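These notes concern the structure reproduced below.
These numbers were taken from a predicted model, which means no experiment stands behind them.
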Amino acid sequence: MADLIVTSARVLSEEKKRAVAESLGVSLDAVTFTVDEALIGGIVISDGEKVLDASVRRRVSDAAMQAELHLTNAPLEHILSSLKEEFSHLPKAEITAAGIVRSAVDGVVFADGLSRAKVGELLLVAGKYFAMVMNLERDRIGAILLTGMNRVRSGDEVRLTGKIVTVPVGEALLGRVVGPLGDPIDGLGRITTDRFRPAETPAPAILDRAKVSEPLYTGIKAVDAIVPIGKGQRELIIGDRQTGKTSLALDAILNQKGKNVYCIYVAIGQKTTTVADVVNALKKGDALSYTTVVAANASDSAPLQYVAPYAATAMAEELMYAGKDVLIVYDDLSKHAVAYRTISLLLRRPAGREAFPGDVFYIHSRLLERSAKLAPRLGGGSLTALPIIETLGSDISSYIPTNVISITDGQIFLESGLFHAGIRPAVNVGLSVSRVGGNAQPKAMRSVVKGLKLDLARYREMAVFTEFGADVDEDTKSVLDRGAKLTQMLIQRQGAPYPMAEEVAEIYAMSDESFRHVEKEKIGATLARLLEHIRANHPEILSSIEESGELSESDKAALDRAIAEVLA
Ligand code: ATP
Ligand code: MG
């Protein structure tokens, strides 16, 4: 049986050939000797399935792969010393299972001969592209290509690396726009960091977590008052297309300026121009310096769109575990689910409801579980998540929306009808909730928002019934009147977040007796005048609320006086 093939860089002497055959324990004619100068030195022995590779070429390419994996963004000295280190650890010979690509379509490859592959493992395809194992089948594996999208062909060699996908992390990424694997795409040059994290890591355990107790202000009145968010919380932003979802999340990022909160915005499957608009808005609002934008655009492959939120979360975790507060926006997870569906169908996994694979819940739960408020012994950092979901026809009971609603700690439901009626942000008060943020709301806010949500919900309900000019009694009239005015108060321009104390001042003013006589149409302008007046003449009220987090009796008295002055 001429089963073994021995390849060497140079022609072997007869004596050497005999020695090789002897050490392999076979007769000389059972071995085929070939020469391949590309090996540089050493030999490679193969039985058609396993390969014992003791060539110089392998060691060089292993070192090169390490460089590709970990060092592309590192400073030059670091690259050199790491390569040296890497070389000294490389085994002289290595038995690898060399698989062969059998098909490569739309970023999904099937390969055989890799029976020891693990799910999530990184593969090296054709010596230079990377893929991630997704499917283990009886006689083949399925993987998604992370690089070399249209360059991998059937017949290419595939090798296991024993590693998983890692991305560059650290403060060097702030102020940058990067691709899903952390490579810069903003034309601002290399990102110099020597920190890396796996894209997927287990979420912090229960004992590693603390209660959500500190507020994360969005600067949006309707949110901070009615669906308050705490650091470490996951609050879903859900609504039809063009209802202000992205704007709301962006405003929350803009509002973190000077608050020591780092932000990560992940764009999944969006148009390149939309992402450019977001980056410009961040730049204009002076918010890019503490923000990283991770973009897997609609033109990127489904595998890259799938990996993007996990990679971005790794970048956020690096900061969280360093004790910092981080806000991450996933815009949006509907498109992420669609990318996963595409991959799954190409991998020929069985399709379930709406053609999504059965584990689509798990891809979002394991992502959002990584948000946390860490226990003090772990530094007390936090990761707050604002995932976005797009609905069709306001149907929040379809598959993906219900999944993500059940994973998060509440949702902000934006409604088309309200949006088009000019009530922006278009928060549907009745269907929006925050399950944990209430504990984090400062006392000042809690004292003024009592009854606010109920008043608004009752108003919206009654407004529907009285739309056709039905006769109403005095009680109903006053509910309608107050509701309409509160609604006006919550209307807010895009890109103009409010400081907490100013939100409190406006909401407080709405329950003032003399404010009841201000007409609905004039509410917005009157409140603006009030704030201007307070900022100019009584700034101490605002600083007192901001610093203590409370609304003291003397603050209330001072606000009453300011209101009287403005309405006089
Ligand atoms: P898409 O479904 O396309 O992603 P979206 O739900 O993310 O849309 P945005 O892009 O945030 O919605 O907003 C849609 C439009 O509404 C934009 O033109 C934006 O400028 C405008 N808009 C959003 N919020 C407000 C607001 N508070 N006041 C006025 N206009 C707003
Ligand atoms: Mg959007």
So, does [X] use its side chain to make a donor-acceptor pair with the main chain of [Y] at under 3.5 Å?
{"X": "Arg176", "Y": "Pro184", "value": "no"}
{"X": "Asp186", "Y": "Val177", "value": "yes"}
{"X": "Ser406", "Y": "Asn403", "value": "yes"}
{"X": "Arg153", "Y": "Asn150", "value": "yes"}
{"X": "Arg424", "Y": "Phe419", "value": "yes"}
{"X": "Glu503", "Y": "Ile507", "value": "no"}
{"X": "Thr147", "Y": "Phe130", "value": "yes"}
{"X": "Gln441", "Y": "Pro215", "value": "no"}
{"X": "Arg370", "Y": "Leu383", "value": "no"}
{"X": "Thr193", "Y": "Pro168", "value": "no"}

Any side-chain heavy atom of [X] within less than 4.5 Å of one from [Y]?
{"X": "Pro442", "Y": "Tyr217", "value": "yes"}
{"X": "Tyr310", "Y": "Ile363", "value": "yes"}
{"X": "Leu250", "Y": "Gln494", "value": "no"}
{"X": "Tyr399", "Y": "Val360", "value": "yes"}
{"X": "Leu452", "Y": "Ile226", "value": "yes"}
{"X": "Pro401", "Y": "Asp395", "value": "no"}
{"X": "Lys373", "Y": "Gln233", "value": "no"}
{"X": "Tyr459", "Y": "Val429", "value": "no"}

Quick one: [atom1] on [X] to [atom2] on [Y], what's the gap to the nearest 0.5 Å?
{"X": "Asp106", "Y": "Leu346", "atom1": "CG", "atom2": "CG", "value": "5.5 Å"}
{"X": "Met320", "Y": "Ser371", "atom1": "CE", "atom2": "OG", "value": "8.0 Å"}
{"X": "Arg349", "Y": "Met134", "atom1": "CZ", "atom2": "CE", "value": "5.0 Å"}
{"X": "Ser432", "Y": "Glu415", "atom1": "OG", "atom2": "CD", "value": "9.0 Å"}
{"X": "Leu386", "Y": "Leu327", "atom1": "CG", "atom2": "CG", "value": "5.0 Å"}
{"X": "Asp286", "Y": "Thr291", "atom1": "CG", "atom2": "OG1", "value": "10.0 Å"}

Hey, is [X] close enough to [Y] for a salt bridge, meaning N to O under 4.0 Å?
{"X": "Arg195", "Y": "Glu171", "result": "no"}
{"X": "Arg366", "Y": "Glu200", "result": "yes"}
{"X": "Arg435", "Y": "Asp409", "result": "no"}

Please find the pair of heavy atoms, one from [X] and one from [Y], that lie closest to each other, and give the distance.
{"X": "Ala287", "Y": "Ile253", "answer": "CB-CG2, 4.5 Å"}
{"X": "Gly239", "Y": "Lys245", "answer": "O-CD, 3.5 Å"}
{"X": "Gln256", "Y": "Tyr290", "answer": "C-OH, 3.8 Å"}
{"X": "Ala298", "Y": "Gln305", "answer": "O-NE2, 3.6 Å"}
{"X": "Ile405", "Y": "Ile396", "answer": "CD1-O, 3.9 Å"}
{"X": "Arg197", "Y": "Glu318", "answer": "NH1-OE1, 3.1 Å"}

(request) Scan Asn255, Asp251, Asp224 and name whichever one has a side chain to side chain donor-acceptor pair (under 3.5 Å) with Thr218. (result) Asp224
(request) Would you tell me whether Thr201 and Glu317 have side-chain atoms, one donor and one acceptor, within less than 3.5 Å of each other? (result)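 Short answer, yes.
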(message) Could you tell me if Thr342 and Tyr306 have a donor-acceptor pair between their side chains, going purely by distance under 3.5 Å?
(response)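 The answer is no; no qualifying pair exists.
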(request) Under the side chain to side chain contact (heavy atoms under 4.5 Å, CB included) rule, what do Leu490 and Leu456 come out as? Steps first, then yes or no, please. (result) CA-CA 11 Å; Leu490 292 179; Leu456 277 163; 3.6 Å; yes
(request) Evaluate the criterion side chain to side chain contact (heavy atoms under 4.5 Å, CB included) for residue pair Leu173 and Ile264; output intermediate values, then yes/no. (result) CA-CA 10 Å; Leu173 280 105; Ile264 307 223; over 6 Å; no
Counting only heavy atoms not in [X], do more than 12 sit closer than 6.0 Å to its [atom1] atom?
{"X": "Arg353", "atom1": "CZ", "result": "yes"}
{"X": "Lys259", "atom1": "NZ", "result": "yes"}
{"X": "Leu392", "atom1": "CG", "result": "no"}
{"X": "Arg535", "atom1": "CZ", "result": "yes"}

(request) Check the pair Ile407, Phe361 against side chain to side chain contact (heavy atoms under 4.5 Å, CB included), reporting the backbone distance first and the verdict last. (result) CA-CA 9 Å; Ile407 296 165; Phe361 181 89; 3.7 Å; yes
(message) Quick one, Val165 with Leu181, criterion side chain to side chain contact (heavy atoms under 4.5 Å, CB included). Give me CA distance, side-chain angles, the key distance, then yes/no.
(response) CA-CA 9 Å; Val165 181; Leu181 299 175; 4.1 Å; yes
(message) Aromatic contact between His364 and Tyr340, with the criterion being ring centroids under 6.0 Å apart: yes or no?
(response) no
(message) Consider side chain to side chain contact (heavy atoms under 4.5 Å, CB included). Of Val329, Leu333, Asp332, Ile238, which one does Pro387 pass it with?
(response)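 Among Val329, Leu333, Asp332, Ile238, the one that satisfies the side chain to side chain contact (heavy atoms under 4.5 Å, CB included) with Pro387 is Leu333.
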(request) Among Thr408, Thr384, Leu216, Ile229, find the residue that satisfies the side chain to side chain contact (heavy atoms under 4.5 Å, CB included) test when tested with Glu235. (result)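 In the set Thr408, Thr384, Leu216, Ile229, the residue that makes a side chain to side chain contact (heavy atoms under 4.5 Å, CB included) with Glu235 is Ile229.
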